[in-house]
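A short write-up of the structure that comes next.
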There are 2 protein chains.
Amino acid sequence: MTVLIENQTTYSPSNYRTPDGAPSDIVIFTIETKEKAAGKKALPDRELQVMLIQRKRWPFAGAWALPGGFCGEDESMYDCAKRELQEETGVDRIHMEYFGVYSTPGRDPRGWMISHAFFALVNEKLLAGRSASDDAADVRLFPYHEALNMELAFDHREILSDAFHRVQQKMLTTTIAKEFLPEEFTISELYQVIQTVVPEFQERNFIRKITSTQSRKGIIEEVLDHKGEKKLSNRYSQRAAQLYRFTEHMPPLLSIYT
Amino acid sequence: MTVLIENQTTYSPSNYRTPDGAPSDIVIFTIETKEKAAGKKALPDRELQVMLIQRKRWPFAGAWALPGGFCGEDESMYDCAKRELQEETGVDRIHMEYFGVYSTPGRDPRGWMISHAFFALVNEKLLAGRSASDDAADVRLFPYHEALNMELAFDHREILSDAFHRVQQKMLTTTIAKEFLPEEFTISELYQVIQTVVPEFQERNFIRKITSTQSRKGIIEEVLDHKGEKKLSNRYSQRAAQLYRFTEHMPPLLSIYT
DNA sequence: TAAATAGTGTCTATGAGACATTATCTC
DNA sequence: GAGATAATGTCTCATAGACACTATTTA
């Protein structure tokens with residue numbers, strides 16, 4: 001075997017053209033709950049929304065875009081996105097996942113930018129404080145479908161669409177629905193949240209599937225009060241409904257063959 | 001709103017530290033079929049293997065590593081990986097998917113390298129010609145579990161492990177098993193391929209699940225010969241077995257709630 | 001005829017899917 | 001008691017899971 005003499009001293013990365021930056025873009029989803037008239041016992045309306053910022057500078061000045069920012073040398077892409085997410089929402093500990101790289105040549109007029117896309121799911125409650133201060137300015141929540149029809153900066157429309165489909169898929173195959181729910185919730189709330197993200201989802205016997213089916217039992221459990229009695233809620237209904245919470249159990253493994 | 005005066009002229013990416021490169025790393029899987037003694041009618045042994053290259057230069061000179069290479073300014077990461085895959089295998093039109101970014105600071109001694117990981121599934125038949133020429137040199141197939149226990153360059157062990165788990169999951173939820181099979185195959189072959197990637201997979205009534213179950217019917221179909229008769233194969237058995245092929249049908253949508 | 005693989009019969013318990021029905025509470 | 005949501009009863013058919021059994025061919 002040939003032993004080459006190249007080593008740390010002779011290696012020079014500057015012989016090659018290198019990227020001009022590695023940004024992250026974050027698709028931040030939330031579900032806005034619009035209660036019916038105060039005191040009225042009825043299920044609320046829910047709407048999937050996404051956070052956009054209005055760009056101040058070239059390129060695409062004035063256009064709406066996904067929040068994000070450039071990665072530093074001393075952080076991973078994940079850390080970078082987490083940092084940007086924190087800056088944008090003012091909240092820590094948000095569920096965030098990586099889902100793709102966007103590197104089509106020419107996608108960014110500033111140069112060779114390889115962008116890394118994340119999605120985040122935030123409970124609207126966590127956004128409560130923030131909205132008041134920033135809402136009027138250059139950060140806003142848009143209904144997903146409205147955002148999708150806007151002229152977004154860069155290739156952010158494609159990223160937004162990809163994120164949505166990934167979240168739809170994960171909503172049905174994992175327990176991420178919990179990110180949009182309070183700690184304790186009713187079956188109707190869970191069902192509504194799933195339908196907000198996946199309108200096609202329909203399951204007439206939902207309550208039995210999730211509570212009495214052998215293979216699914218254990219992903220949620222009934223909440224008991226301090227006396228060991230079943231804890232109920234009548235927030236959305238005359239007849240009080242059982243409260244549930246997600247357990248730590250992994251959802252069942254899915255397979256098309258079994 | 002403040003209107004900033006920044007524009008194309010004043011924007012300067014060189015004010016920021018930029019990455020030193022955007023490589024791709026490709027985990028190329030294949031399944032080696034080891035026929036039993038010639039003429040013996042018995043199911044073959046199958047083994048999942050992964051392609052590694054031996055590095056010639058600093059860093060990690062002499063160590064085995066995943067194939068890959070640096071992305072150019074005029075190509076997307078996907079194009080880059082496709083190109084490298086083609087160079088390494090000599091084959092085009094290979095199933096390849098992106099699955100993650102590796103950007104931990106310090107992962108590459110050459111500098112700030114943000115690596116993009118793909119996995120590829122190659123039918124061993126396509127590799128047939130290639131092996132003869134390169135096999136002795138610096139490109140080799142290793143059994144997956146052996147590779148996982150080697151001292152691989154960079155963070156390639158982690159990448160390899162992540163790729164494997166992704167492929168396992170996809171093997172059960174999509175029809176990628178077809179990448180490891182000939183156009184026409186028997187149920188036993190399909191079952192064996194799945195088990196080669198996911199040893200835990202076990203399904204005693206496999207044949208009925210996949211052929212007679214309402215929701216799965218249609219993902220494979222019986223092969224007929226020119227006379228419209230069912231086409232059989234006795235390659236691995238005394239009694240001839242029905243041949244099947246994958247259809248264009250999408251596998252059923254999976255959900256933990258339904 | 002033993003061995004090896006392919007494929008079917010059959011039984012039980014569970015689940016899917018569809019609706020009707022009952023329960024509980026408020027206005 | 002009308003109206004809204006929660007939850008159960010009930011029926012049919014499909015599927016899961018287990019295992020014994022039959023089928024086909026060759027050494």
Side-chain angles (χ1 to χ4, degrees), chain A residues 35-46 172 184-192 195 200-220 222-223 229-244 252-258, chain B residues 33 35-46 172 184-193 195 200-220 222-223 229-244 252-258:
Chain A
E35 308 276 352
K36 293 274 169 45
K40 187 118 184 290
K41 294 293 179 75
L43 291 170
D45 289 329
R46 293 177 200 266
L172 295 181
E184 303 177 354
F185 53 87
T186 66
I187 299 288
S188 303
E189 285 182 286
L190 172 57
Y191 187 64
Q192 262 204 323
Q195 281 206 317
E200 306 75 31
F201 181 79
Q202 210 170 323
E203 188 51 62
R204 307 174 77 115
N205 290 334
F206 187 63
I207 182 170
R208 337 176 70 134
K209 289 282 177 67
I210 199 155
T211 59
S212 355
T213 291
Q214 193 69 14
S215 57
R216 288 172 199 61
K217 222 180 303 197
I219 85 166
I220 63 172
E222 293 178 341
V223 180
E229 313 245 293
K230 292 182 176 183
K231 196 167 163 191
L232 307 177
S233 158
N234 67 341
R235 190 144 94 103
Y236 298 127
S237 59
Q238 318 295 7
R239 173 170 174 180
Q242 177 64 47
L243 285 170
Y244 289 84
L253 289 176
L254 299 171
S255 159
I256 61 173
Y257 297 115
T258 198
Chain B
T33 304
E35 308 276 353
K36 294 275 170 45
K40 188 113 184 293
K41 294 291 177 78
L43 292 170
D45 289 329
R46 293 178 200 266
L172 296 180
E184 303 177 353
F185 53 87
T186 66
I187 298 288
S188 301
E189 286 182 284
L190 171 56
Y191 188 63
Q192 262 204 324
V193 162
Q195 281 206 317
E200 307 75 30
F201 181 78
Q202 209 171 322
E203 187 50 63
R204 307 176 76 118
N205 290 332
F206 187 64
I207 182 170
R208 334 172 74 132
K209 289 282 176 67
I210 200 155
T211 58
S212 357
T213 290
Q214 192 69 17
S215 57
R216 289 172 198 62
K217 222 180 301 195
I219 85 166
I220 62 172
E222 293 177 341
V223 179
E229 314 245 295
K230 292 183 176 183
K231 196 166 163 192
L232 307 177
S233 157
N234 66 342
R235 189 143 95 103
Y236 298 127
S237 60
Q238 318 295 6
R239 174 173 174 179
Q242 177 63 48
L243 286 170
Y244 290 84
L253 288 175
L254 299 172
S255 159
I256 62 173
Y257 297 114
T258 200

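Every heavy atom of this structure was used, including side-chain atoms; hydrogens, water molecules and symmetry mates were not. Keep in mind that this is a model prediction, so the values were computed, not measured. Here is the naming used below: chain letters follow the sequence lines, and residue numbers restart at 1 for every chain.
Residues passing the side-chain hydrogen bond (donor to acceptor under 3.5 Å, both in side chains) test with Arg235(B) are Glu35(B), sequence neighbours excluded. Listed by chain and number, the residues in a side-chain contact (heavy atoms from CB on, under 4.5 Å) with Ser255(A) are Tyr257(A), Thr258(A), Leu172(B), Phe201(B) (sequence neighbours excluded). With sequence neighbours left out, Arg216(B) forms a side-chain hydrogen bond (donor to acceptor under 3.5 Å, both in side chains) with no residue at all. Every residue meeting the side-chain contact (heavy atoms from CB on, under 4.5 Å) condition with Gln202(B), not counting sequence neighbours, appears here in chain and number order: Tyr191(B), Gln195(B). For Tyr236(A), the ring-ring contact (aromatic ring centres under 6.0 Å, His included) criterion is met by no residue, not counting sequence neighbours. For Gln242(B), the side-chain contact (heavy atoms from CB on, under 4.5 Å) partners at least two apart in sequence or on another chain are Glu222(B), Lys230(B), Leu232(B), Tyr244(B). Qualifying side-chain contact (heavy atoms from CB on, under 4.5 Å) partners for Glu229(B), counting only residues two or more places apart in sequence or in other chains: Asp225(B), Lys227(B).
At whole-Å resolution of the value, CD in Gln242(A) and C1' in dC25(C) are 17 Å apart. Rounded to whole angstrom, the span from the CG atom of Leu243(B) across to the P atom of dA6(C) amounts to 11 Å. Atom CD1 of Ile207(A) is separated from atom C1' of dG15(C) by 16 Å (rounded to the nearest Å). In this structure, Phe206(A) atom CZ and dA18(C) atom P are separated by 16 Å, rounded to whole Å.
Here the CD atom belonging to Glu189(A) is positioned 10.5 Å from the CD atom belonging to Glu184(A), to the nearest 0.5 angstrom.
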Worksheet, complete the sentence: Letter by letter from the 5' end, nucleotides 12-19 of chain D scores (B base, S sugar-phosphate only, - none; protein heavy atoms under 4.0 Å) --SSSBBB
Can you pull every protein N or O that's under 3.5 Å from an N or O on nucleotides 2-4 of chain C?
none

